[in-house]
There are 2 protein chains.
Amino acid sequence: MLKGEDSPARLFAALGDATRLGLIGRLSDGSERSIVQLGDGLPISRQAVAKHLDVLLGAGLVRRTKSGREVLFTLRREAVAEAQDWLRTVGTQWDDALGRFKNFIENQP
Amino acid sequence: MLKGEDSPARLFAALGDATRLGLIGRLSDGSERSIVQLGDGLPISRQAVAKHLDVLLGAGLVRRTKSGREVLFTLRREAVAEAQDWLRTVGTQWDDALGRFKNFIENQP
DNA sequence: TGATTTGGCAACCAAAAGGTTGCATTAATC
DNA sequence: GATTAATGCAACCTTTTGGTTGCCAAATCA
């Protein structure tokens, strides 16, 4: 995947994994959770969870803060909005095009 | 990635590539385009484009129809809406949680 | 008919992704 | 001070990804 770039592709790629969507789900309540907490119940190792969180961090989807010996993660709502925006643009373009097409058809003699 | 499953993760993974986002962009005007047309201008081979379209098809993001010797693709707006829905849910949960928190803070003595 | 265009299929490749294990480090507890 | 808990770092492994090239098949066009 793209490394340095900060494109919507990076964002979507980070969302493109069931485990990561799960993590985001857990954080969507606005809570602040540690790696261990976030990995609780998952069938993968702590390191695997940490790697997933790294991906989310790299895509700007989460915020990382240290507190004592643990590292806390929170969701970055702005990033979610960014992804939404991209999809909205595509959807809107499509809707507009469809609208023009319908209009064209209806005005045929 | 997940093979048979029809999860949002599959959808986002398909969106998680700059080339594919580009293809979707080209189709977002409601047009119907062939593989060659879609690949026009891109610095990759026709087969690479075809593979990307396969991924999009697998995620339900495009529709495929044959016409003579060519294969035409169109965007499936419903799939875009699906992705939007997922993000909206996350965003809404977050907003609600933030709202409750603000309310709690403001009502502190 | 013969050449050209548009695709499909398959083998092959290098790099990235998703995981694992082992060991070191740092902070909190007893 | 010793033990435990929460991470970080690094090496290693297997599967997926994103791409390529070569060759075959089916429509189209001259």
Side-chain angles (χ1 to χ4, degrees), chain A residues 1-24 26-27 31-74, chain B residues 1-27 31-59 61-74:
Chain A
M1 220 322 59
L2 318 149
K3 264 189 186 165
E5 223 166 324
D6 180 32
S7 63
R10 186 97 180 281
L11 209 52
F12 287 126
L15 293 169
D17 178 282
T19 301
R20 287 193 293 267
L21 285 189
L23 295 176
I24 290 185
R26 290 191 181 193
L27 291 173
S31 63
E32 195 174 47
R33 294 209 171 82
S34 73
I35 299 185
V36 191
Q37 282 177 270
L38 284 167
D40 185 61
L42 298 186
I44 55 178
S45 70
R46 174 187 51 90
Q47 284 84 345
V49 176
K51 280 195 187 181
H52 280 300
L53 288 168
D54 258 358
V55 174
L56 292 176
L57 187 65
L61 276 159
V62 296
R63 188 177 288 108
R64 219 186 93 112
T65 52
K66 253 182 230 176
S67 169
R69 74 178 147 183
E70 55 190 355
V71 175
L72 301 176
F73 290 87
T74 50
Chain B
M1 217 328 50
L2 318 150
K3 265 189 187 164
E5 225 166 322
D6 179 32
S7 62
R10 185 94 179 282
L11 209 51
F12 287 125
L15 294 170
D17 178 281
T19 302
R20 286 194 292 267
L21 285 189
L23 295 177
I24 289 185
R26 291 192 179 191
L27 292 173
S31 64
E32 195 173 49
R33 291 206 173 82
S34 73
I35 299 185
V36 190
Q37 282 178 271
L38 284 168
D40 185 61
L42 299 186
I44 56 178
S45 69
R46 172 184 54 86
Q47 284 83 347
V49 177
K51 279 194 188 182
H52 280 300
L53 287 168
D54 258 358
V55 174
L56 292 176
L57 186 66
L61 276 160
V62 296
R63 188 178 289 105
R64 217 186 94 112
T65 52
K66 254 182 230 174
S67 168
R69 75 177 147 186
E70 53 189 356
V71 175
L72 302 175
F73 290 86
T74 50

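Numbers restart at 1 for each chain; the letters A, B, ... are given by sequence-line order, proteins then strands.
Between B/D17 atom CG and D/dT16 atom P there is a gap of 18 Å when expressed in whole angstrom units. A/K51 has its NZ atom 11 Å from the C1' atom of C/dT21, to the nearest Å. Rounded to whole Å, the distance from CG on B/L53 to C1' on C/dG8 is 14 Å. To the nearest angstrom, C1' of D/dG18 lies 15 Å from CG of B/L21. Distance CG (B/L15) to P (D/dT17): 15 Å, rounded to an integer number of Å. One interatomic measurement links the two molecules: CD1 of B/I44 to P of D/dT20, which rounds to 6 Å at whole-angstrom precision. Straight-line distance from the CZ atom of A/F73 to the C1' atom of D/dA6: 12 Å, rounded to whole Å. The CG-P distance, from A/D54 to C/dA16, rounds to 16 Å in whole Å.
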Under 3.5 Å, which N/O atoms of the protein pair with N/O atoms of nucleotides 5-7 of chain C?
residue: C/dT5; atom: O4'; partner: B/R69; partner atom: NH1; Å: 3.2
residue: C/dT5; atom: O2; partner: B/R69; partner atom: NH1; Å: 2.6
residue: C/dG7; atom: OP1; partner: B/I35; partner atom: N; Å: 3.3
residue: C/dG7; atom: OP1; partner: B/V71; partner atom: N; Å: 3.1
residue: C/dG7; atom: OP1; partner: B/V71; partner atom: O; Å: 3.4
residue: C/dG7; atom: OP2; partner: B/V36; partner atom: N; Å: 3.0
residue: C/dG7; atom: N7; partner: B/R46; partner atom: NH1; Å: 3.3
residue: C/dG7; atom: N7; partner: B/R46; partner atom: NH2; Å: 3.3

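With axes fitted over five pairs at each extremity, the angle between the ends of the helix from C/dT1-D/dA30 to C/dC30-D/dG1 is 20° (10° resolution).
Inter-residue side-chain proximity for A/L21 and A/L15 is flagged as met; some heavy-atom pair is nearer than 4.5 Å.
Within the model, atoms CD1 of A/I44 and OG1 of A/T19 stand 5.0 Å from one another, a figure rounded to the nearest 0.5 Å.
In this model, a side-chain donor or acceptor of B/Q47 finds a partner on the base of D/dG22 within 3.5 Å.
The phosphate of C/dT20 (OP1 or OP2) has a side-chain N or O of A/S45 nearer than 4.0 angstrom. Look at A/H52 and you'll find a side-chain N or O under 4.0 angstrom from OP1 or OP2 of C/dG19.
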Using distance only, find each side-chain donor-acceptor pair of residues 57-69 of chain A under 3.5 Å and give its atom names and separation, not counting sequence neighbours.
none

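Residues forming a ring-ring contact (aromatic ring centres under 6.0 Å, His included) with A/F12 (at least two apart in sequence, or on another chain): A/W86. When the side-chain hydrogen bond (donor to acceptor under 3.5 Å, both in side chains) test is applied to A/R20, the partners found at least two apart in sequence or on another chain are A/H52.
Nearest approach of B/L38 to B/R26, heavy atoms of both residues: O-NH1, 3.0 Å. Of all non-hydrogen atoms in B/V49 and B/I35, the two that sit nearest each other are CG1-O, 4.0 Å.
Pairs passing the salt bridge (charged side-chain N to carboxylate O under 4.0 Å, His left out) check and including a residue from residues 43-59 of chain A, sequence neighbours excluded, do not occur. Each side chain to side chain donor-acceptor pair (under 3.5 Å) pair with one or both residues in residues 33-45 of chain B, not counting sequence neighbours, appears once here: B/S31-B/R33, B/S34-B/Q37.
Each of A/S67 and A/T19 was assigned the nucleotide of DNA chain C with the nearest heavy atom; the assignment lying further toward the 5' end belongs to A/T19.
The nucleotide whose nearest atom lies closest to any side-chain atom of B/A48 is, among C/dG19, D/dG19, C/dT21, D/dG19.
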